[in-house]
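To start, the structure itself, in structure tokens.
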Protein chains: 2
Amino acid sequence: MKLNTKSRYAVMALADMSKFPINNPVSLRDISLRQSISLLYLEQIFLKLKKNEIVKSVRGSNGGYVLKRNPKNIKLSEIFQAVDQKVKTVGCKKDSKKGCNGKSVKCITHELWDELDIYINNFFENKNLSDLLMTKERKN
Amino acid sequence: MKLNTKSRYAVMALADMSKFPINNPVSLRDISLRQSISLLYLEQIFLKLKKNEIVKSVRGSNGGYVLKRNPKNIKLSEIFQAVDQKVKTVGCKKDSKKGCNGKSVKCITHELWDELDIYINNFFENKNLSDLLMTKERKN
DNA sequence: TAATACTTGACTATTTTAGTCGGGTATATA
DNA sequence: TATATACCCGACTAAAATAGTCAAGTATTA
């Protein structure tokens, strides 16, 4: 039950950006240095964030990326979706025709996993980018 | 964010066993057939469940496995621990010396992941084997 | 026009997962 | 006591996923 690095880095990078004035382009190079994330990998991640309307890009020198919305309005669930982090804890649910484990009926534990997915998604639905900063500020 | 099959099968198999009278050994062969799980794989899983005191084995013909406790007293969290399904959503937390991503301080999102782990573990702490059966019975 | 920074698809090493295989040992019962 | 049943256990492996890297660009600004 692990999160992949893509989701983690995406959240880290966006949290990093949130600390700067909105409309001020933040370059991936800077994020890369501050957060110790490979620049090339960040590029890959931001491509997805851009496609999913979470950030927009500003090309050229002094360019970078800008949050498309206020951090308060960017839910973690959106970020996760953008970088393809699926919260589908098991595979036996989409394939409704065949059912679980190739059987014609749902497996005993089917509902449990459904419930778990909803539970976890709920966590990400109720957190936004600015929540992260607030926690950090309270502590430091 | 996926559960591995080991955890899923472990829960399925134990839920299957829970339907039979306690002290009545249930053979892996039967579970294998009913739940469509490879017998060899089940053996591997039950070895761990046994080591972790969740089931005990009865050798010889007519043997099998028996739940060591009432299903009501077997929490899902124990099962997960037994089969090494760690709910450690990110890797950057044990290594307290080096901090996250090799930096000397915790990463911005560190607390978020801690919180997430606790949240998910909480789900499994509050579910036991008999909960699964009850849900099933209500529906059918 | 040089430097900076985004753009994009393809590629790859490493790790994890999801099992299988082989050769055991213990016990019940016929 | 023979034999079938069922647990025991370490080692192995194919396939998939992960975590990146690489190459070859394009756009913009100072």
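Proteins come first, then strands; the chains are lettered A, B, ... in the order of their sequence lines, and each starts at number 1. Atoms considered below: every heavy atom in the structure, side chains included; atoms not considered: hydrogens, waters and symmetry mates.
A heavy-atom distance below 4.5 Å is not found between the side chains of A:Ile118 and A:Asn121. Using a 4.5 Å heavy-atom threshold, the side chains of A:Phe123 and B:Ile120 count as separate. Residues A:Ile79 and A:Leu129 are in side-chain contact: their nearest non-hydrogen atoms beyond the backbone lie under 4.5 Å apart. B:Ile31 has its side chain out of reach of B:Tyr65: every pair of non-hydrogen atoms, C-beta onward, lies at least 4.5 Å apart.
Between B:Lys48 atom NZ and D:dG10 atom P the separation is 11 Å, expressed in whole Å. In this structure, B:Leu39 atom CG and C:dA18 atom P are separated by 18 Å, rounded to whole Å. If you measure from atom CG of B:Leu47 to atom C1' of D:dA6, you get 13 Å, rounded to the nearest angstrom. In this entry the distance linking CG of B:Leu33 with P of D:dA6 reads 11 Å, nearest Å. Rounding to whole angstrom units, CG of residue B:Leu3 and P of C:dA18 are separated by 9 Å. For A:Asn4 and D:dA17, the CG to C1' distance is 10 Å, given to the nearest whole Å. When the C1' atom of D:dA6 is taken as reference, atom CZ of B:Phe46 falls 13 Å away, rounded to whole Å.
Separating the NZ atom in B:Lys6 from the CG atom in B:Leu49 is a distance of 11.0 Å, to the nearest 0.5 Å.
Follow the hydrophobic side-chain contacts under 4.5 Å out from A:Leu39 and you reach A:Val55 in the same cluster.
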At a cut-off of 3.5 Å, list every protein nitrogen or oxygen paired with a nitrogen or oxygen from nucleotides 10-13 of chain C, distance to 0.1 Å.
none

Distances under 3.5 Å between nitrogen or oxygen atoms of protein and nucleotides 14-16 of chain D:
none

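Within the structure, salt bridge (Lys or Arg N to Asp or Glu O under 4.0 Å) contacts touching residues 15-25 of chain B (residues at least two apart or in different chains) are B:Asp16-B:Arg34.
Within 6.0 Å of CZ on A:Arg29 lie no more than 12 heavy atoms contributed by other residues, nucleotides or ligands.
In this structure, A:Leu47 stands alone, with no Ile, Leu, Val, Met, Phe, Trp or Tyr side-chain heavy atom under 4.5 Å from its own, directly or through other members.
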In the 5'-to-3' direction, what one-character label does each nucleotide of nucleotides 23-30 of chain D receive under the scheme B = base within less than 4.0 Å of a protein heavy atom, S = sugar-phosphate only, - = no such atom?
--BBBBBS
Name every donor-acceptor pair, under 3.5 Å, that has one atom in a side chain of residues 20-28 of chain B and the other anywhere in the protein, sequence neighbours excluded.
| residue | atom | partner | partner atom | Å |
| --- | --- | --- | --- | --- |
| B:Ser27 | OG | B:Asp30 | N | 3.2 |

